[in-house]
Amino acid sequence: MNNIQELNERFSNTSPEEVLEYFLPLYGERIALASSLGLEDQVLTAMIASINKKNEKKGRIFTIDTGRLFPECYQLIDRTNDKYDISIEVFSPEHTGVEKYVKEHGVNAFYQSIELRKACCQCRKLEPLRRALSTLDVWICGLRSSQAVTRSGVQVVEWDANNNLIKVNPLAHWSEEQVWEYVKAHKVPYNKLHDQGFPSIGCQPCTRAIEPGEDIRAGRWWWEDPEHKECGLHKR
């Protein structure tokens, strides 16, 4: 843990690119961006693609296809691969877990309770995530401390005790405005739903557009209280 503290001190006033330039060559195939295909992760994808071109040891990028994503998400995967000449790895849930959940609870049982919603996230998100993380020593995330009450206090470098590896959040201290500025300046491909009132995009049944003045994650699991609005990917 002392090393984590030292790394945070080292990166306290550095850019996200400098953070990535430190970690990517160091860990190579054992480090990857876990992309939700959201705006922040698209920014990190652009940065990683650029840095990888300069290094022999290259970091990876993967995403999780829950089977219930918006069509625009799948289109974005293709657009991103084409733009940066990469191939984003796609992890899908084991069919047995999903089939068991649907058989026992129903297709849309996640609306009924927090427990059933988290159980759906468990089989559709967490199971494939754990398989992906089992090949890594470090995972990169697009978390920002100002995104939600559940993410306040996010640091650039953290120890993920749940998955037993290092977690790097290069955009931890960036604002939403900084993210958009980078997207526009570098012509980063992004989900078209962002232009339709969807600042945060998850599975289609669990995501709605937000109203003016609402929190940026208000459209995620909108039927739940804000302190519950995490799927378990970023349990802290």
Side-chain angles (χ1 to χ4, degrees), residues 34-45 63-80 88 90-93 97-98 101-102 104-129 141-152 154 169 171 174-184 188-236:
S35 175
S36 67
L37 306 174
L39 204 65
E40 289 82 4
D41 291 329
Q42 287 299 105
V43 166
L44 291 174
T45 294
T63 191
I64 297 170
D65 177 9
T66 65
R68 305 207 67 173
L69 301 181
F70 285 88
E72 289 85 352
C73 294
Y74 300 108
Q75 295 164 8
L76 183 60
I77 292 174
D78 289 338
R79 289 166 50 212
T80 304
I88 296 173
V90 179
F91 285 79
S92 301
V98 175
Y101 176 90
V102 172
E104 294 179 355
H105 307 294
V107 175
N108 293 324
F110 39 81
Y111 292 127
Q112 298 175 24
S113 69
I114 292 175
E115 290 72 25
L116 285 175
R117 195 271 293 170
K118 289 186 176 181
C120 185
C121 290
Q122 170 67 39
C123 63
R124 290 186 180 274
K125 289 185 177 181
L126 297 185
E127 183 278 321
L129 174 70
C141 299
L143 299 184
R144 294 187 296 104
S145 60
S146 61
Q147 279 174 325
V149 63
T150 55
R151 297 181 178 181
S152 60
V154 166
N169 308 300
L171 304 180
W174 268 27
S175 65
E176 184 181 5
E177 289 73 22
Q178 286 176 292
V179 175
W180 273 111
E181 286 172 4
Y182 188 96
V183 167
K184 293 174 182 177
V188 176
Y190 65 89
N191 197 315
K192 295 178 180 178
L193 291 174
H194 288 311
D195 296 328
Q196 300 173 34
F198 290 80
S200 180
I201 303 167
C203 291
Q204 189 168 17
C206 298
T207 308
R208 66 161 173 80
I210 66 171
E211 300 295 331
E214 282 191 303
D215 181 83
I216 63 172
R217 283 177 62 83
R220 301 291 299 278
W221 307 296
W222 65 91
W223 61 93
E224 296 181 4
D225 293 331
E227 60 267 21
H228 296 135
K229 292 187 177 185
E230 289 289 354
C231 59
L233 294 181
H234 304 294
K235 188 175 181 181
R236 304 180 68 240

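Keep in mind that this is a model prediction, so the values were computed, not measured. Throughout, numbering of the chain's residues begins at 1 and tracks the sequence. Computation of the quantities below employed the complete heavy-atom set of this structure, encompassing side-chain atoms and omitting hydrogens, waters and symmetry-equivalent molecules.
Classified by interplanar angle (parallel below 30°, tilted 30° to 60°, perpendicular above 60°), the ring pair W222/Y111 is tilted.
Separating the CG atom in N169 from the CH2 atom in W174 is a distance of 14.0 Å, to the nearest 0.5 Å. Remark: E176 CD to E40 CD distance equals 7.5 Å, nearest 0.5 Å. Between the CG atom in L44 and the OH atom in Y182 there is a gap of 9.0 Å [rounded to 0.5 Å].
Among residues at least two apart or in separate chains, salt bridge (Lys or Arg N to Asp or Glu O under 4.0 Å) pairs with a member in residues 196-211 are R208-E214.
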Problem set entry | Steps toward side-chain contact (heavy atoms from CB on, under 4.5 Å) verdict (I201, F70) | CA-CA 9 Å; I201 303 167; F70 285 88; 3.7 Å; yes
Exercise. Stepwise, does the side-chain contact (heavy atoms from CB on, under 4.5 Å) test hold for R144 with Q178?
Worked result: CA-CA 11 Å; R144 294 187 296 104; Q178 286 176 292; over 6 Å; no
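Side-chain contact between D65 and Y74 is present, with at least one heavy-atom pair separated by less than 4.5 Å. Looking at heavy atoms from C-beta onward, C120 lies out of side-chain contact with H105 at the 4.5 angstrom threshold. Two residues are said to be in side-chain contact when any heavy atoms from C-beta on lie closer than 4.5 Å; P189 and L76 meet this criterion. The closest side-chain heavy-atom distance from P199 to I210 is below 4.5 Å. With a 4.5 Å cut-off on side-chain heavy atoms, L129 and F91 do not count as touching. Annotation: side chain of F110 is not in contact with side chain of E224 (no heavy-atom distance under 4.5 Å). In this structure the side chain of Q42 reaches within 4.5 angstrom of the side chain of L37, judged on heavy atoms.
In this structure, the side chain to side chain contact (heavy atoms under 4.5 Å, CB included) partners of P93, at least two apart in sequence or on a different chain, are V98, E127, P128. Among residues two or more places apart in sequence or in another chain, the side chain to side chain donor-acceptor pair (under 3.5 Å) test is passed with Y190 by D195. E72 pairs by the salt bridge (charged side-chain N to carboxylate O under 4.0 Å, His left out) definition with nothing, not counting sequence neighbours. Among residues two or more places apart in sequence or in another chain, the salt bridge (charged side-chain N to carboxylate O under 4.0 Å, His left out) test is passed with E104 by K100. For the side chain to side chain donor-acceptor pair (under 3.5 Å) test, residues two or more places apart in sequence or in another chain that qualify with S36 are D41.
Without hydrogens or angle criteria, T207 side chain to G202 main chain gives a donor-acceptor distance under 3.5 Å.
Residue N191 comes nearest to C73 through the heavy atom pair ND2-SG, 3.5 Å, listed as atom of the first residue, atom of the second, then distance.
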